[in-house]
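Data first, discussion second: the structure below is written as structure tokens.
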Protein chains: 2
Amino acid sequence: MAGNNKTPTMLDVARLANVSSMTVSRAFKRDASVGKETRERILKAADELGYVLDSTAANLSSRKTGFVAVTIPSINNANFADTLRGMSQRLRGSGLEILLGYTDYSVDEEERLIEQFLRRRPEAIVVTGGTHTDRCRKLLEHSGVPVVETWDLPAKPIGHVVGFSNAEAAKLMVDHFVERGYTRLGFIGGDTSRDTRGLDRRRGFLEAVKARGLDSSRLIASGPPPITMREGAASMREMIARWPDTQAVMCVSDLSAFGALTECQRKGIRVPEDIAIGGFGAYDLAEHAVPAITTIDASAKAIGTHAADTVLSLLSNPESTDVRMVTRITPKIIARQTT
Amino acid sequence: MAGNNKTPTMLDVARLANVSSMTVSRAFKRDASVGKETRERILKAADELGYVLDSTAANLSSRKTGFVAVTIPSINNANFADTLRGMSQRLRGSGLEILLGYTDYSVDEEERLIEQFLRRRPEAIVVTGGTHTDRCRKLLEHSGVPVVETWDLPAKPIGHVVGFSNAEAAKLMVDHFVERGYTRLGFIGGDTSRDTRGLDRRRGFLEAVKARGLDSSRLIASGPPPITMREGAASMREMIARWPDTQAVMCVSDLSAFGALTECQRKGIRVPEDIAIGGFGAYDLAEHAVPAITTIDASAKAIGTHAADTVLSLLSNPESTDVRMVTRITPKIIARQTT
DNA sequence: TTGAAAGCGGTACCAT
DNA sequence: ATGGTACCGCTTTCAA
């Protein structure tokens with residue numbers, strides 16, 4: 001309480017407990033060999049002094065930080081939040097902590113972030129997507145720690161991968177539309193290079209539509225991400241204005257699909273009788289909306305747990321250089337009332 | 001490329017650039033006094049070696065980590081995500097980084113998290129809410145760094161505060177209901193000690209209802225957080241079953257309000273003609289739902305920017321011990337179609 | 001503007 | 001089971 005304005009160190013604890021600082025260090029680990037009485041005496045002394053271990057020093061000395069650097073495009077996105085939850089759940093108790101950053105869907109921002117993070121000496125790096133600036137790629141390749149790319153299947157992966165083909169996933173929706181008897185199909189969003197996964201979905205949609213010989217011109221741009229309900233509504237308005245006979249619309253995400261749905265509701269257009277709507281991402285929202293929205297589930301949370309497993313496995317196998325782990329997720333369509 | 005399997009240090013860069021490591025250190029800061037030519041030579045050498053500064057060592061030596069520890073109850077919550085966005089935007093460029101953890105609405109988990117974080121020697125700590133375990137309070141009080149509590153106005157704040165009264169906020173909704181002519185009012189959620197802010201909202205609702213002499217028994221428990229659309233729907237079902245003549249229902253959050261709304265839609269109950277619904281949090285969802293949901297805006301993002309400003313101000317004024325900064329937000333009602 | 005030396009607070013490693 | 005000692009890679013401080 002009085003006078004002592006300096007943070008106590010191990011040495012202070014050691015002196016009070018009548019041991020060497022090495023013994024204090026050991027007492028603060030779980031498996032270390034310290035006499036039961038000694039340990040208790042040490043912990044009591046530490047408590048008395050209000051001692052808090054300084055990882056900052058431990059990190060330097062042991063060359064381990066316990067950090068896994070993770071970048072996601074946006075915090076405010078239920079899909080990435082789910083991935084993150086999956087990761088932290090799996091990482092809990094492993095001694096690994098997440099150092100989180102978000103890129104705002106910008107590869108330049110990602111580069112800045114990664115550069116910053118590398119200084120913190122993370123033990124592994126998990127990024128979203130497989131598109132990066134050249135410099136960022138180089139930084140990651142030379143980082144010396146496992147790199148996991150998620151939410152995509154990069155053609156030239158940097159290291160490890162937990163993802164799926166966004167193009168293939170989109171095709172599922174086209175198949176579903178066609179099964180339902182819809183042939184005049186449109187796509188909303190996925191028009192900007194900032195959202196490469198959205199781009200891939202649109203590409204997959206187009207390929208599938210063309211493969212069937214259907215009209216492939218019904219595309220509405222939604223502008224730069226994040227694509228939210230507002231853009232979905234505006235895009236649907238445009239879709240209906242330009243191609244009034246469109247029978248089914250796939251949206252780049254459930255958020256945008258919900259926006260499209262509400263636009264129809266405001267206009268008295270019946271879904272799916274007048275127009276069908278499909279989304280992407282299996283958000284809670286899609287399940288609870290009335291009518292419930294048909295969507296594609298890419299197992300956002302599982303991506304996180306698998307990414308964490310990848311990291312854990314790599315870190316516990318020091319000989320695992322030259323190993324490449326690729327976990328491929330298979331997206332599934334969830335058919336609901338909007339189609 | 002070959003042989004050199006060790007991460008280069010400043011000394012390596014120094015040798016290659018023919019300077020001392022001190023000069024290299026200076027070259028990596030922006031304002032330091034280093035000759036322009038020298039700096040360029042150093043940066044070139046660093047680039048050549050693929051040198052990345054080791055903050056882990058810098059942190060120890062300078063006793064500064066650049067971390068602001070932040071805890072939020074849940075990642076997957078648009079309100080807290082907004083607060084976080086506000087913080088990171090304000091912190092960008094300040095050299096401060098966020099070390100994020102989420103408590104899952106548990107004070108015990110919060111304690112664990114804070115204890116872990118303190119080892120990393122953050123320069124400031126921002127927590128959500130004013131309820132903590134005794135030990136956690138003590139840890140925060142003795143941390144030696146600024147502590148900011150958010151999203152609440154704690155009776156006995158630990159340090160600084162950026163928040164609002166959740167009880168007062170809830171009263172706004174009661175006022176609004178009464179203005180609209182509704183007198184048989186119900187409340188959904190806010191029934192568990194894990195969500196103290198929800199508890200406060202319910203308390204505020206009850207106080208306001210009682211102050212007006214209205215029936216204060218129409219309360220539905222939604223169980224432990226996170227409260228989502230599903231709980232909102234189930235609770236609305238229960239509300240209608242138990243008190244069919246209820247005229248207006250306030251929900252602990254917009255998510256739960258949306259769930260309640262969809263439940264009515266599925267049952268063919270008209271909103272607001274048959275029953276009115278109010279939410280909390282000003283989520284995008286409330287704005288875009290059809291009908292749009294009346295809600296209370298507590299300026300989630302502004303809480304973040306103010307918290308960041310508080311931290312920045314405190315850290316740039318070393319004499320600011322004994323100062324307590326309290327930023328009080330005034331929530332506002334947003335009247336829409338569900339009332 | 002630049003350099004030399006002394007830590008920062010732990011842990012690895014080797015003894016005992 | 002415990003202790004001694006040499007660092008980990010940077011920054012602080014003082015000098016030139």
Side-chain angles (χ1 to χ4, degrees), chain A residues 5-43 45-46 49-67 95 116 118-123 144 318, chain B residues 5-43 45-46 49-67 95 116 118-123 144 318:
Chain A
N5 52 10
K6 241 195 196 163
T7 319
T9 72
M10 274 197 175
L11 199 58
D12 299 315
V13 178
R15 280 199 270 254
L16 185 58
N18 256 308
V19 290
S20 75
S21 65
M22 242 350 278
T23 307
V24 177
S25 174
R26 292 192 182 102
F28 270 83
K29 308 206 180 305
R30 37 175 199 145
D31 61 315
S33 52
V34 181
K36 202 186 162 206
E37 275 178 46
T38 322
R39 147 176 270 123
E40 276 168 12
R41 185 156 34 96
I42 289 171
L43 293 181
L49 294 173
Y51 171 73
V52 176
L53 188 128
D54 188 338
S55 333
T56 239
N59 293 165
L60 176 60
S61 180
S62 67
R63 291 118 161 298
K64 284 193 178 180
T65 58
F67 278 134
Q116 212 50 46
L118 285 176
R119 296 182 165 198
R120 303 258 185 211
R121 297 294 189 262
E123 299 184 33
Chain B
N5 52 10
K6 242 194 193 162
T7 318
T9 71
M10 274 194 175
L11 198 58
D12 298 317
V13 179
R15 281 198 270 256
L16 185 58
N18 256 309
V19 291
S20 74
S21 65
M22 237 355 274
T23 307
V24 177
S25 173
R26 293 194 181 102
F28 269 83
K29 310 210 178 302
R30 37 174 199 142
D31 59 316
S33 51
V34 181
K36 201 184 163 205
E37 275 179 45
T38 322
R39 144 176 271 122
E40 275 167 12
R41 184 155 36 95
I42 290 171
L43 294 180
L49 294 173
Y51 172 74
V52 177
L53 187 126
D54 188 340
S55 332
T56 238
N59 294 165
L60 176 60
S61 181
S62 67
R63 290 114 162 298
K64 284 193 178 180
T65 59
F67 277 135
Q116 213 50 46
L118 284 177
R119 296 182 165 198
R120 303 257 186 212
R121 298 292 190 262
E123 298 183 35

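At distances below 3.5 Å, not a single donor-acceptor pair connects side-chain atoms of B/Arg119 with backbone N or O atoms of A/Leu53.
The B/Ser62 side chain lies nearest to D/dT11 when the options are D/dT11, C/dT2, C/dG9. The listed nucleotides are D/dA1, C/dT1, D/dC10; the one nearest the side chain of A/Ser33 is D/dA1. Considering only the side chain of B/Val34, C/dT2 comes nearest among D/dG9, C/dG10, C/dT2.
Here D/dC8 presents its C1' atom at 9 Å from CG of B/Asp54, a figure rounded to the nearest Å. The CZ atom of A/Arg41 sits 12 Å away from the C1' atom of D/dA1 (whole-angstrom rounding). Per the geometry, CE belonging to B/Met10 stands 15 Å off P belonging to D/dC8, to the nearest Å. Between the NZ atom of B/Lys64 and the C1' atom of D/dT12 there is a distance of 12 Å, given to the nearest Å. Atom CG of B/Leu60 and atom C1' of D/dT12 are 12 Å apart (whole Å). Remark: C1' of D/dT5 and CG of A/Leu11 are 14 Å apart, rounded to the nearest angstrom. In this structure, A/Glu37 places its CD atom 15 Å from C1' of D/dT2, rounding to the nearest Å. Between the C1' atom of C/dC8 and the CZ atom of B/Arg63 lies a distance of 6 Å, rounded to the nearest Å.
Taking 4.0 angstrom as the limit, B/Tyr51 places none of its side-chain polar atoms (N or O) nearer than this to OP1 or OP2 of D/dG9. Proximity of A/Lys29 to the phosphate of C/dT11: a side-chain N or O atom is located under 4.0 Å from OP1 or OP2.
Seen from the ring of A/Phe67, B/Arg120 counts as a face-on cation partner, given the 6.0 Å and 45° thresholds.
Interface remark: the B/Arg26 side chain does form a donor-acceptor pair with the C/dG3 base, using a distance-only criterion of under 3.5 Å. Between the side chain of A/Ser61 and the base of C/dG10, at least one donor-acceptor pair of N or O atoms lies under 3.5 Å.
B/Val34 is not listed as a side-chain neighbour of B/Lys29, based on a closest heavy-atom distance of 4.5 Å or more. Counting heavy atoms from C-beta outward, B/Thr56 and A/Arg63 have side chains that stay 4.5 Å or more apart. Side-chain contact between B/Arg41 and B/Val19: present, with at least one pair of heavy atoms (C-beta onward) separated by less than 4.5 Å. Side-chain atoms of A/Arg39 and A/Ile42, non-hydrogen and from C-beta on, never get closer than 4.5 Å to each other.
Looking at residues 12-24 of chain A, you'll see A/Val19, A/Ser20, A/Met22, A/Thr23 sit with a heavy atom under 4.0 Å from some atom of DNA chain D.
Counting non-hydrogen atoms under 4.0 angstrom, B/Thr38 reaches the backbone sugars and phosphates but no base. Residue A/Phe28 is classed as having no contact, given no heavy-atom separation below 4.0 Å to the nucleic acid.
For the residue pair B/Leu11 and B/Ser21, the shortest heavy atom distance occurs at CD1-CB, 4.2 Å.
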